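Before any comments, here is the structure.
In the text below, chain A, chain B and the rest are named by the order of the sequence lines, each starting its count at 1. Quantities reported herein were computed from a predicted structural model and do not represent experimental measurements.
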Number of protein chains: 2
Amino acid sequence: MEEQLSERGKRILEAVIEDYIATAEPVGSRTLTKSHALALSPATVRNVMSDLEEMGFLTSPHTSAGRIPTDKAYRLYVNSILEVRNLTRDNREEIKRRCQLAGKDISEVLKETSRLLSSTSSYMGVVMAPRFAANVFRQLEFVRLSSHRLLAILVSQNGAVQNRLIETDHEIGQDDLVRMGNYLNEQLKGLTIAQVRERLLFEMKSEKVRYDAMLSQAIVLSEATLKSDDTQIFVEGQANILEQPEFHDAAKMREIFRAFESKGLILDLLDRAMQAEGVQIFIGSESHLVKMEGMSLITSTYMTGKDTVGVLGVIGPTRMGYGRVIPIVDYTAKLISRLLETE
Amino acid sequence: MEEQLSERGKRILEAVIEDYIATAEPVGSRTLTKSHALALSPATVRNVMSDLEEMGFLTSPHTSAGRIPTDKAYRLYVNSILEVRNLTRDNREEIKRRCQLAGKDISEVLKETSRLLSSTSSYMGVVMAPRFAANVFRQLEFVRLSSHRLLAILVSQNGAVQNRLIETDHEIGQDDLVRMGNYLNEQLKGLTIAQVRERLLFEMKSEKVRYDAMLSQAIVLSEATLKSDDTQIFVEGQANILEQPEFHDAAKMREIFRAFESKGLILDLLDRAMQAEGVQIFIGSESHLVKMEGMSLITSTYMTGKDTVGVLGVIGPTRMGYGRVIPIVDYTAKLISRLLETE
DNA sequence: ATTAGCACTCAAAAACCCAGAGTGCTAACC
DNA sequence: GGTTAGCACTCTGGGTTTTTGAGTGCTAAT
């Protein structure tokens, strides 16, 4: 059944996919012979297309329309037919220009990166901030806001900052805070955030801490700081998606927006993408998420030094310009990695 | 020309508005007499409606459709007809429950507030973070990330945090940073952020600093930290807007999303809303922004202590449930003010 | 002043028709 | 054999026409 795909079959499949990517319309034998210079008659093409349909690479929405590629076809396409174009110099320049971290908040940089991805690809950009837990602890700082309220600021090696408001039962003076801070910073130096957490839980039970009210207070506070590691995700350029003809229909639009409103869905996907290093492509139903039907995701991980710390990418319709977008994602990820290098 | 509106006229106008709010369909004399128990025949109602149209309170999209309220009508409605309902206990409880700042990032709290506004109103929630420049300086902290890169963390009185990555030319040691920090914190205590900035620019030129390389370095660094006060705005629940029948049409949807993509538009509006204290309502074209045609904005300022520091609200179609939404916005703003109190 | 009655209007929905793009099949062709 | 021309058939989308029904404005009666 699964007979080998002939060279000609491939060529025609490619042509169909490219036509469909360009027009978003089902493509028929006739149009195909015209737009692509295949030295074949429509009738022949029809036969081949019929075969491709049988093999599961094409479907027709109804009997007398043209045919559209299936997810399986896209998969084949990106795996073995597509040749990735190089980025133009302009593109590269623009990306470099807009990924500049000096003088900015780190999350601001990531948001800008997301915006950048969206505007250069003209689909949706998505960036997942470095997972905090995997980062290396750098410094913990307490700032007293009022008698019962203080602010904990946690800084990681690569410059990511998290802060938490903390309400305390007892009054705490500024000098207490400084002492606590010093103690903790000493203790926790060089650990990853996840390790820090373990350490704190462990210390909570130790003899020494048990008899020092202030220390135990400090531990409790920093524990509070660490829990709830809500990973930040930046999704930008949703309006771009609305431009795509396949989503012109209002109901579909709404569905998509609802889906992306809670970041949970994307988080799942990106988490999965982080398992492997480098560029990855999820096509439509491959993600096994119903909501992602008709959409593809191109991601790449980025790193600081040797550790994969995050992932970024582009979400668009399955019918997206893979050849154009893949290098954008790839290059951007590499650039971010370079920027985040701790030297 | 501008004759006085009769009592009956008001009653009917109210009925029209309420019907239109409920159905989003032009309302005719017949339907009106049925839904609202007016002891009048359709014909009479027609006459009155005709008068209202002449006075500019109603328009008809075409001759044989019902009528819809104009912006002017909404204005009259919210000013002198509408009676604001009280919040239900449930509503109040939910708002309280979800506005909880302990253990969270301050911007996380604001984002959640925005989400809350959107979900309780079922329109779009919007929150503008406290304008940083107006805040009172609390602490400035430098963290050394690597030999040429450091992180400046600026904390304001109410717990808002901004941080910036800074690249330096010369190498700077950790102890230098501590000394700089101490010096600056001493100097800048109690000033507003805006004043801090002025002060720094002034100090840059002073004799004392000119001859102390380290100090001048510190000044330059903190200047870098302060510039670009990008006010954060949180807009949530855009998908809610898509649910509204008046935006079912795809082109309109896209337009709205494009408009809100750059936060500039909203920023303008919110800035204006911040001029006056308390709840404010902008109806459709009143905002003089073409993009806001067909949309209304209900805002309220919130404060820490006696100072107005930010503004939050709900954006929806002009045809929105004012009576329901106004108290939501009002209550939320008050709650946030309470939470931000420095004690 | 109010209302019943009536002729008139208009947009939206339904019904209808037609052209065009596409298919599958068969038979001829190289 | 693979390829192609020819043909009958199918379906969708777009345009036109018809119908329907809610709504209006006016006039005349209450």
(request) Report the residue (B:P61 or A:P26) whose heavy-atom-nearest nucleotide on DNA chain C is the more 5′ of the two. (result) B:P61
(message) Consider salt bridge (Lys or Arg N to Asp or Glu O under 4.0 Å). Of A:E25, A:E54, A:E53, which one does A:R67 pass it with?
(response) A:E53
(request) Check each residue of residues 11-24 of chain A for a non-hydrogen atom within less than 4.0 Å of any atom in DNA chain C, then write out the ones that pass by number, or none. (result) none
(request) Taking atom types as modelled, find out whether A:S119 and A:R98 have a side-chain donor-acceptor pair closer than 3.5 angstrom. (result) yes
(request) Check B:A259 against B:K291 and note the closest heavy-atom contact, atom names and distance. (result) CB-CD, 4.0 Å
(message) As a test of reading the structure: which of D:dA5, D:dG23, C:dT3 is closest to the side chain of A:S41, going by heavy atoms?
(response) D:dA5
(request) Output every pair passing side-chain hydrogen bond (donor to acceptor under 3.5 Å, both in side chains) with a member in residues 312-324 of chain B, not counting sequence neighbours, ordered by first then second residue. (result) B:Q244-B:R319, B:E246-B:R319, B:S296-B:Y322
(message) Is there a side-chain contact between A:S50 and the phosphate of C:dT23, meaning an N or O under 4.0 Å from OP1 or OP2?
(response) no
(message) To the nearest 10°, give me the bend of the helix from C:dA1-D:dT30 to C:dC30-D:dG1, comparing the axes of its five terminal pairs at either end.
(response) 20°
Identify every side-chain donor-acceptor pair in residues 41-50 of chain A under 3.5 Å, counting partners at least two apart or on other chains, and give the distances.
| residue | atom | partner | partner atom | Å |
| --- | --- | --- | --- | --- |
| A:S41 | OG | A:A43 | N | 3.4 |
| A:S41 | OG | A:T44 | N | 3.3 |
| A:S41 | OG | A:T44 | OG1 | 3.0 |
| A:R46 | NH1 | A:S29 | OG | 3.3 |

(request) Ignoring the backbone of A:T31, work out which of C:dG22, D:dT4, C:dT3 is nearest its side chain. (result) C:dG22
(request) Taking only heavy atoms on the protein side, list every residue of residues 62-70 of chain A lying under 4.0 Å from any atom of DNA chain D, sorted numerically. (result) A:H62, A:T63, A:S64
(message) For B:I233, run the side-chain contact (heavy atoms from CB on, under 4.5 Å) check against B:V127, B:V311, B:L267 and tell me which one passes.
(response) B:L267
(message) Which residues pass the salt bridge (Lys or Arg N to Asp or Glu O under 4.0 Å) test with B:E261, not counting sequence neighbours?
(response) B:R258
(request) Give a yes or no on whether a donor-acceptor pair under 3.5 Å exists between the nucleobase atoms of C:dG24, that is its base, and the side chain of A:R46. (result) yes
(message) Output the rounded distance in Å from CG (A:N47) to C1' (D:dG1).
(response) 13 Å
